[in-house]
Structure formats: structure tokens, C-alpha cells
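Notes follow once the structure below has been shown.
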Amino acid sequence: MNIIFFGSGKISIPAFEALLSSRNKICCVVTQPDAKKGRGLAESMTPVKALAQAHSVEVFQPATLKDDFVFETLKKYNPDLFVVIAYGQLLPEKILNIPKIFSVNAHASLLPEYRGAAPINWALINGEKKTGVSIIKMVKVMDAGPIIRQKEIAIMLQDNALTLENKLANLAAEELIQALISIEQKNYKLKEQDEAKVSFAPKLKKEDGRIDWEKPAEQIINLIRGCAGWPGSFTYYKGKILKIYQASVRDSTDVQGGVNKGQISGFSEDSIIIATGRGTLAIQELQIEGKKRMSAREFLSGHQMRVGEIFGKK
RNA sequence: CGCGGGGUGGAGCAGUCUGGUAGCUCGUUAGGCUCAUAACCUAAAGGUCAACGGUUCAAAUCCGUUCCCCGCAA
């Protein structure tokens, strides 16, 4: 089949690789335009573009899909199928209807739950025990199309957004290939999503990563796990932003009276222990503004922290 | 030329404003204590203070330039 691949995020890489080594022909790859990223003025391309170039696949980077020029360009390839995974933009109906068969999307959740841009992160933040990958036929509404294949996976306690994304990326690649085979052989079934069970996972904002120390330790840990990578979870210490990379629940029972939430309640050999709304948690890896990421042990070597100091105040 | 923090023995930091003997918490090595220990005590090794240039009797510290790391913003 002639396929046009839409993808931008890291999660789409295994699927893209799987497609490249399948019997299908990738006519062209559509990915987000190079962004002028920050500190200096470095231009950065999506990982998908880098991989496409390495395989000499044509790359197309329209700023918007609403342009007629985009429609004409894609039409010219005469594609059988569009494969979309973590592209980063809604595909207009006109575009979706270009391929002869239809457009397929791989989504990292058990649809109809967690529709939207950040399903992996929200599943972790909400403390879900399982998630998965759904392969759907695309319709006009974001992530609302009928399901072709769906595969469940357990969320491990030690999983964070990065490790889970990795697992789901590989799973998505496998499921996608299977789905393509069944589509080619025309022996697939479509299962409509149950609209009553729809939930949403909107794109995360930086602010979503701010830790609320009033919450129970478990919930804070879930936030840290869910925000790993981007946007990262953070709090404040002595007026500076303090990012927390690795932490675990130390004690999930009630805190003794009089202890302020966010207070340093002690230290162990390798971690800083903080009181929360319910229970305590142990920070193992962190980063203060302007410094490198380091272990709690390293941090404590150079910073005199005291029991009773408060986290979370600017 | 977007804003800001930083580069000091192996790690993390102080010292820089107000130039004048290289400091702290660890780690490493050796010895001691101990039934024993990653605990405790003692000692030692380990630095061209990012680089180059300037000012000065004297520069980690003041001035100029460059390189590198990081946070914000996107």
C-alpha cells in the first residue's frame, strides 16, 4: 500500500521504523515544521524528520493543514492510507478523505478514555493501573473514530511518562502493523466507541507540573511520574525552581499534627524526606534552577538543608 | 543578538561585593577503635580556581574577550 505517514513525537518513531521495514511504500512523511528553539537560536527538527532523512524519505512540513496547497500536494501521491501517530495537529476532514481506503491513527490510551494530546501523562497522574494502545479509523472529531485494534498494558509502579511512552511506542508499532495487514486483507472489524465513557487528556501546561504539597503522597508521586520528561514536576526552594525527577512514597499514613505540608521532615542516606497532606515522600533525584540534575545525596553534600524548611514557596 | 544562574581537588558547594597562605560536606587511600560495620576517631593523597589577555607589589576575587553547562521563555 502507498502510505503517507504523519508523525512528530518520539512515540511515533518505532511505528515509523516498523512501516519503513514493512512491505508498504512510504510516499512521504508529514511532520511539524522545524522550531527555532531557545537558549541560543538552534533550529531543531522533529525526530521523525531526522529518521526520514536518514532513509531518504520525502519530508513535508506544512505550518497548517488548512491550506489548499497541502491538499493538492498530498493528493498527488495518490495514497491508499494515511497513518497518523502523535502528529500534533488535528487533520481536517478534507485531508482525512484523501487516501483511497481511509486514515488510521494510533493512540496511546484505551479509547474512548483519555482522548487528546497527553493520554500517557494523565493516565499516570490519575493513578491508572492499566492503559494501552488503540488503533482507530480516523473521523473528523479528534480520537473519536471506530476502533480497529486495541491492546492493554499494565502500568507498573516504577513506570513514569518516559518509560511508559517507550513501552506504548513499541506496542503501537506492533499493533499498527497488524492493523495494516488486516486492512490490506480486508478482514478487520470496526467497533464504535462508547460515547458514555469518553474522557479527555488535554495537553499539559508547565503549571500542571507544580506540586501541591497539600495532596497525599501517592498523588504527588503520580504527578511526578506523569510529568516526567515534559513538563517535569517542580516546586520552589529558597525562591528557586526545584525540579523533582525521582521520588517515592515513604509513608502513606497520616502526618502527625503540627507538621506543615511541604516541610522537610528529615533525611535518609540517599533522600530528602518531605511531609505532604497525607504521609511523607522521599526525593531521590532533583535539580535546582541553574544547576544540573543530581541525586539527593549529591545535592545534600553542597546544600545545607534543615528539617523544617519549606518547599513550595516562591 | 530573548531573560537569567553557573564553571573552584573525584562529586556537590562556600569563598568573589570589600584583591593578601585553597575552605566545607562527602568520596578515595592508610592507620586506629570494634565481635563487626557503609558507623566512629586519626592521618594522607589529590587544585595550573574553565581558557586567553589586561590592571596590580600581589588576582579564584577587579576589567575585557572566548569556550562550555544549566533554568526560564518557545
Side-chain angles (χ1 to χ4, degrees), chain A residues 6-13 30-50 59-66 86-90 116-118 120-122 160-162 165 201-213 220 223-248 250 262-274 281-314:
Chain A
F6 289 68
S8 300
K10 216 173 61 183
I11 194 171
S12 58
I13 292 295
V30 184
T31 191
Q32 293 294 320
D34 294 351
K36 213 185 281 180
K37 271 194 182 173
R39 196 149 37 217
L41 42 111
E43 288 253 325
S44 75
M45 63 173 77
T46 67
V48 172
K49 180 179 177 181
V59 175
F60 187 35
Q61 299 175 278
T64 171
L65 298 177
K66 291 172 185 163
Y87 171 59
Q89 265 186 57
L90 186 71
I120 301 172
N121 305 280
W122 284 107
N160 64 25
L162 298 172
E165 181 183 43
K203 191 172 175 176
L204 287 170
K205 297 186 293 288
K206 188 73 188 178
E207 181 61 20
D208 291 321
R210 194 171 62 78
I211 292 170
D212 177 3
W213 295 104
I220 295 173
L223 182 79
I224 293 168
R225 293 162 69 210
C227 290
W230 171 262
S233 48
F234 65 96
T235 185
Y236 295 92
Y237 176 66
K238 291 187 174 173
K240 288 185 175 174
I241 290 178
L242 183 79
K243 290 188 169 190
I244 298 178
Y245 287 99
Q246 189 64 242
S248 54
R250 180 173 175 86
Q263 251 188 359
I264 296 174
S265 76
F267 306 96
S268 72
E269 60 272 31
D270 286 318
S271 57
I272 302 160
I273 299 162
I274 312 292
L281 59 81
I283 300 172
Q284 282 104 27
E285 198 175 4
L286 50 86
Q287 178 179 35
I288 192 91
E289 189 178 327
K291 291 296 190 178
K292 290 183 184 174
R293 173 177 177 168
M294 65 184 78
S295 67
R297 191 187 179 84
E298 287 173 316
F299 188 85
L300 287 170
S301 293
H303 297 82
Q304 273 201 328
M305 283 186 141
R306 290 180 190 170
V307 169
E309 283 181 329
I310 296 278
F311 275 12
K313 289 191 178 171
K314 280 190 185 178

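The chains referred to below are lettered A, B, ... by the order of the sequence lines, with proteins before strands, and numbering in each begins at 1. Quick caveat, the model's predicted, so the values are computed rather than measured. The figures here come from the full heavy-atom set of this structure, side chains too, leaving out hydrogens, waters and symmetry mates.
- At whole-Å resolution of the value, CG in A:D270 and P in B:G27 are 12 Å apart.
- Across all strands shown, B:A58 forms no Watson-Crick or G-U wobble pair with both distances under 3.5 Å.
- Interatomic distance, CD1 of A:I272 versus OG of A:S265, reported as 11.0 Å (0.5 Å rounding).
- The structure places OG of A:S271 at 10.5 Å from CG of A:L286, a figure rounded to the nearest 0.5 Å.
- As judged by a 4.0 angstrom heavy-atom cut-off over every strand, A:Q304 is placed among residues making no nucleic acid contact.
- With the nearest nucleotide of RNA chain B identified for both A:R293 and A:E298, A:E298 has the one nearer the 5' end.
- With a cut-off of 3.5 Å on both pairing distances, the Watson-Crick or G-U wobble partner of B:U29 is B:A43.
- The side chain of A:I241 approaches B:C72 more closely than any other nucleotide in the set B:C72, B:C70, B:G12.
- The partner of B:G23 is B:C13, by the rule that a Watson-Crick or G-U pair needs both atom distances under 3.5 Å.
- Between A:K206 and the phosphate of B:C72, there is a side-chain N or O to OP1/OP2 separation shorter than 4.0 Å.
- Side chain of A:Q61 to backbone of A:T31: no donor-acceptor contact under 3.5 angstrom is found.
- Nucleotides B:C41 and B:A51, compared at atom P, are 36 Å apart to the nearest Å.
- In this structure, B:C3 forms a base pair with B:G71, meeting either the Watson-Crick or the G-U wobble geometry with both donor-acceptor distances under 3.5 Å.
- Using a 4.0 Å cut-off between a side-chain N of Lys or Arg and a carboxylate O of Asp or Glu, A:E269 and A:R297 do not qualify as a salt bridge.
- Distance A:E289 CD to B:G4 P: 13 Å, rounded to the nearest Å.
- B:C52 and B:C13 have their P atoms separated by 24 Å, with the value rounded to a whole Å.
- Looking at which nucleotide of RNA chain B each of A:F299 and A:K240 is closest to, the 5′-most match is held by A:K240.
- Out of B:C70, B:A11, B:C72, the shortest distance to the side chain of A:K243 is found at B:C72.
- Comparing B:C13, B:G71, B:C26 against the side chain of A:M294 picks out B:C13 as the nearest.
- Using P as the reference atom, B:C35 and B:U25 are 29 Å apart when rounded to the nearest Å.
- Across all strands shown, B:U34 has no partner, as no Watson-Crick or G-U wobble contact with both distances under 3.5 Å is found.
- Distance noted for atom C1' between B:U8 and B:G15: 9 Å (whole Å).
- When the nucleotides B:G71, B:A74, B:G12 are ranked by their closest atom to the side chain of A:W230, B:A74 comes out on top.
- Whole-Å rounding puts the A:K291 NZ to B:C68 P distance at 18 Å.
- Regarding A:K292, its NZ atom lies at a distance of 13 Å from the P atom of B:C68, rounded to whole Å.
- Note on ring orientation: taking the six-membered ring where Trp is involved, the planes of A:F299 and A:H303 are parallel (angle under 30°, cut-offs 30° and 60°).
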